[in-house]
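Both ligands and their constituent atoms are indexed starting at 1 by order of listing.
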Amino acid sequence: MKTIITFGTFDVFHIGHLRILQRAGQLGGRLIVGISSDALNMQKKGRMPVYSQSDRMGIVAGLKCVDSVFLEESLEKKADYIRQFNADTLVMGDDWAGRFDSLSYLCEVVYFPRTPSISTTSIIEVVKGY
Ligand code: C2G
């Protein structure tokens with residue numbers, strides 16, 4: 001069976017997150033999702049996520065299209081995770097286009113278009129305005 005792997009913070013879970021996971025799931029096989037840890041998010045974005053890593057893992061693990069989740073502790077460990085789960089395909093949104101091409105010696109690397117006009121940052125801005 002084919003194994004698909006993808007990564008993300010999935011904070012303040014929204015339709016863009018759901019669509020990329022559903023599309024990844026439609027590739028067939030099992031879908032494994034690396035959820036960026038709170039500490040990794042702090043490094044990447046300079047702030048703590050709104051939802052804790054355990055809540056973000058719980059939300060994504062509860063989706064019909066997702067088979068299992070794990071904690072992504074470092075952006076540099078993608079090759080290790082791909083090997084650990086024996087992944088055939090790495091899926092990322094096209095905001096990361098080209099960034100993981102160097103892993104194509106390990107597995108197929110595909111980038112899906114982002115869902116337009118929705119992001120965690122824009123939701124936080126809307127909520128702040130209330
Ligand atoms: N996404 C999308 N459309 C949006 C917003 C996000 O398709 N409107 C996708 C992103 O491209 C990504 C996934 O949803 O593939 C998760 O998005 P984020 O939580 O923003 O992920 P990010 O913080 O970029 O973490 O190791 C890589 C990182 O962990 C990715």
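- Side-chain atoms of Glu72 and Ser36 form a donor-acceptor pair, as typed in the model, at a separation below 3.5 Å.
- Residue Ser36 places a heavy atom less than 4.0 Å from ligand 1.
- Atom 16 (C) of ligand 1 has as its closest protein heavy atom Phe10 CE2, 3.6 Å.
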(request) Tell me, with the steps shown, if Arg83 and Asp80 meet salt bridge (charged side-chain N to carboxylate O under 4.0 Å, His left out). (result) CA-CA 5 Å; Arg83 284 196 197 94; Asp80 296 340; 3.7 Å; yes
(request) Evaluate the criterion side chain to side chain contact (heavy atoms under 4.5 Å, CB included) for residue pair Ile82 and Cys107; output intermediate values, then yes/no. (result) CA-CA 8 Å; Ile82 289 167; Cys107 68; 3.9 Å; yes
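- The closest heavy-atom contact to atom 25 (O) of ligand 1, among the options His17, Lys44, Arg19, comes from Lys44.
- Figure legend: Arg23 and Phe112 shown as a cation-pi pair, the cationic atom lying under 6.0 angstrom from the six-membered ring centre and within 45 degrees of its axis.
- Residue contacts with ligand 1, taken as heavy atom pairs separated by less than 4.0 Å, involve Trp96 solely via side-chain atoms from C-beta onward.
- Considering backbone and side-chain atoms together, Pro113 places no N or O closer than 3.5 Å to any N or O of ligand 1.
- Between Asp94 and ligand 1, no pair of N/O atoms sits closer than 3.5 Å.
- The pair Asp11-Arg47 meets the salt-bridge criterion, since a charged nitrogen lies less than 4.0 angstrom from a carboxylate oxygen.
- In this structure, Asn41 CG and Ile35 CD1 are separated by 11.5 Å, a value rounded to the nearest 0.5 Å.
- Of all the heavy atoms of Asp95, the ones lying under 4.0 Å from any atom of ligand 1 belong exclusively to the side chain.
- Counting heavy atoms closer than 4.0 Å to ligand 1, residue Ile20 contributes side-chain atoms (C-beta onward) but none from N, CA, C or O.
- Between the side chains of Thr89 and Glu108, at least one donor N or O sits under 3.5 Å from an acceptor N or O.
- Ranking protein heavy atoms by distance to atom 27 (C) of ligand 1, first place goes to Lys78 NZ, 3.4 Å.
- Relative orientation of the His17 and Phe13 rings is tilted, given thresholds of 30° and 60° on the angle between their planes.
- The aromatic rings of Phe7 and Phe70 sit perpendicular to each other, their planes meeting at more than 60°, with 30° as the lower class boundary.
- Only side-chain heavy atoms of Lys45 come within less than 4.0 Å of ligand 1; its backbone N, CA, C and O stay farther off.
- At the top of the distance list for atom 6 (C) of ligand 1, counting protein heavy atoms only, stands Arg114 NH1, 3.5 Å.
- Near Gly93, meaning under 4.0 Å from one of its heavy atoms, ligand 1 places the atoms 11 (O), 15 (O).
- Contacts between Leu75 and ligand 1 below 4.0 angstrom, taking non-hydrogen atoms only, involve the side chain exclusively.
- Among all non-hydrogen protein atoms, the one lying nearest atom 18 (P) of ligand 1 is Thr9 N, 3.8 Å.
- Taking a cut-off of under 4.0 Å to the non-hydrogen atoms of Met92, the atoms of ligand 1 that pass are 27 (C).
- Side chains of Val69 and Ile32 form no contact here, defined as non-hydrogen atoms less than 4.5 Å apart.
- Here the heavy atom of the protein found nearest to atom 3 (N) of ligand 1 is Thr115 N, 3.1 Å.
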